Amino acid sequence: MARSASLTVSTSAIRLLLGFLAAFLATLTFHQIGIWGLHAIGLTGATPWTTTPIPPFGVPSVISLAFWGGVWGILFVLIERFLARSPGGYWVGATLFGAIVPTLVLMFVVFPLKGRPLGGGFAWQLIVTLLIAHGLWGLGTAVFLGVLSGWRSPSA
C-alpha cells in the first residue's frame, strides 16, 4: 500500500515537472509565434524572442517569460482535469484558461506591481494581443504536455 502511494506522489511530481517544461516550451513557440504574427499585422509593437537582459540576473527577457510560463504550467497541470469539462472539451478549456487567467493576473496584478496602469490602460490592442498570445500559450501547453507524457491522461 505504501509503495503505491509513493508511486502516485512520484508520478504527480513528474507530471508537475512535465507541466513546467511543456509551458516553458509553449512560451518559446506558440506564444512567441503569436506575438510575431500580431506584430507582423501591426496589432502590437511587441517583438517576439526579445533578448533584452532582465534584472536582477540579466536573463534574456524571452527566457524569463518562458520561466514564468513554466510556473503557470504547474498550475495548468493542477487544474487539468477540470479543463476537459469545459464547453468544447479539453482543447478549448486549455485555450480559454491560457487566454483568460494569465491575462487577468498580468493586467490586474503584475502591471500595477511594475508601476504600469491597472489593466494596462485597457487599450483594446493590448487586450486582444494578450488574449490571443496567452490563448496560444494554453493550447501549446496542452500540446507539449500531451507529447511529453506520451498522450496519457493524468492519473486522477
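Because the structure is a prediction, the values reported are computed rather than measured.
A tilted orientation is assigned to the rings of Trp91 and Trp151, their planes being inclined by 30° to 60°.
Under a hydrophobic clustering in which Ile, Leu, Val, Met, Phe, Trp and Tyr are joined whenever their side-chain heavy atoms come within less than 4.5 Å, directly or via other members, Leu148 and Leu17 fall into different clusters. Cluster membership for Leu126 and Phe122, using ILVMFWY side-chain heavy atoms within less than 4.5 angstrom, is shared. By the rule that hydrophobic residues join a cluster once side-chain heavy atoms approach within less than 4.5 Å of another member, Val71 and Ile54 end up as members of separate clusters. In the hydrophobic clustering of ILVMFWY residues, with side-chain heavy atoms under 4.5 Å counting as a link, Leu21 and Leu65 come out apart. Using a 4.5 Å cut-off between side-chain heavy atoms of Ile, Leu, Val, Met, Phe, Trp and Tyr, with links allowed through other members, Val77 and Phe82 fall into the same hydrophobic cluster.
Using a 4.5 Å heavy-atom cutoff, the side chains of Gln125 and Leu38 are not in contact. Contact annotation: the side chain of Arg85 never approaches that of Tyr90 to less than 4.5 Å [non-hydrogen atoms, C-beta and beyond]. Within the 4.5 Å cutoff, side-chain heavy atoms of Leu43 are placed close to those of Thr129. Contact annotation: the side chain of Phe20 never approaches that of Trp72 to less than 4.5 Å [non-hydrogen atoms, C-beta and beyond]. Taking 4.5 Å as the limit, some side-chain heavy atom of Leu96 sits within range of a side-chain heavy atom of Ser86. In this structure, the side chains of Leu106 and Phe111 come closer than 4.5 Å at one or more pairs of heavy atoms.
Here CD1 of Ile132 is found 7.5 Å from CG of Leu136. Values are rounded to the nearest 0.5 Å. Rounded to the nearest 0.5 angstrom, Ile100 CD1 and Thr95 OG1 are separated by 10.5 Å.
Contacts classified as side chain to side chain donor-acceptor pair (under 3.5 Å) and involving residues 101-123 (residues at least two apart or in different chains) are given here: Thr103-His134. Among residues at least two apart or in separate chains, there is no side chain to side chain donor-acceptor pair (under 3.5 Å) pair with a member in residues 33-46.
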Atom pairs and distances, donor-acceptor, side-chain atoms in residues 22-35, under 3.5 Å, two or more places apart:
residue, atom, partner, partner atom, Å
Thr27, OG1, Ala23, O, 2.8
Thr27, OG1, Trp137, NE1, 3.3
Thr29, OG1, Leu25, O, 2.7
Gln32, OE1, Trp49, N, 2.5

Item to complete: Give the intermediate values and the outcome of side chain to side chain contact (heavy atoms under 4.5 Å, CB included) for residues Met107 and Leu118.
Response: CA-CA 6 Å; Met107 292 177 70; Leu118 184 69; over 6 Å; no

Fill in: Chi angles and distances behind the side chain to side chain contact (heavy atoms under 4.5 Å, CB included) call for Val62, Thr50
CA-CA 5 Å; Val62 69; Thr50 305; 5.5 Å; no

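The side-chain contact (heavy atoms from CB on, under 4.5 Å) test with Arg15 is passed by exactly one of Leu145, Leu78, Ile74: Leu145.
Among all heavy-atom pairs drawn from Gly98 and Pro102, the shortest one is O-CD, 3.2 Å.
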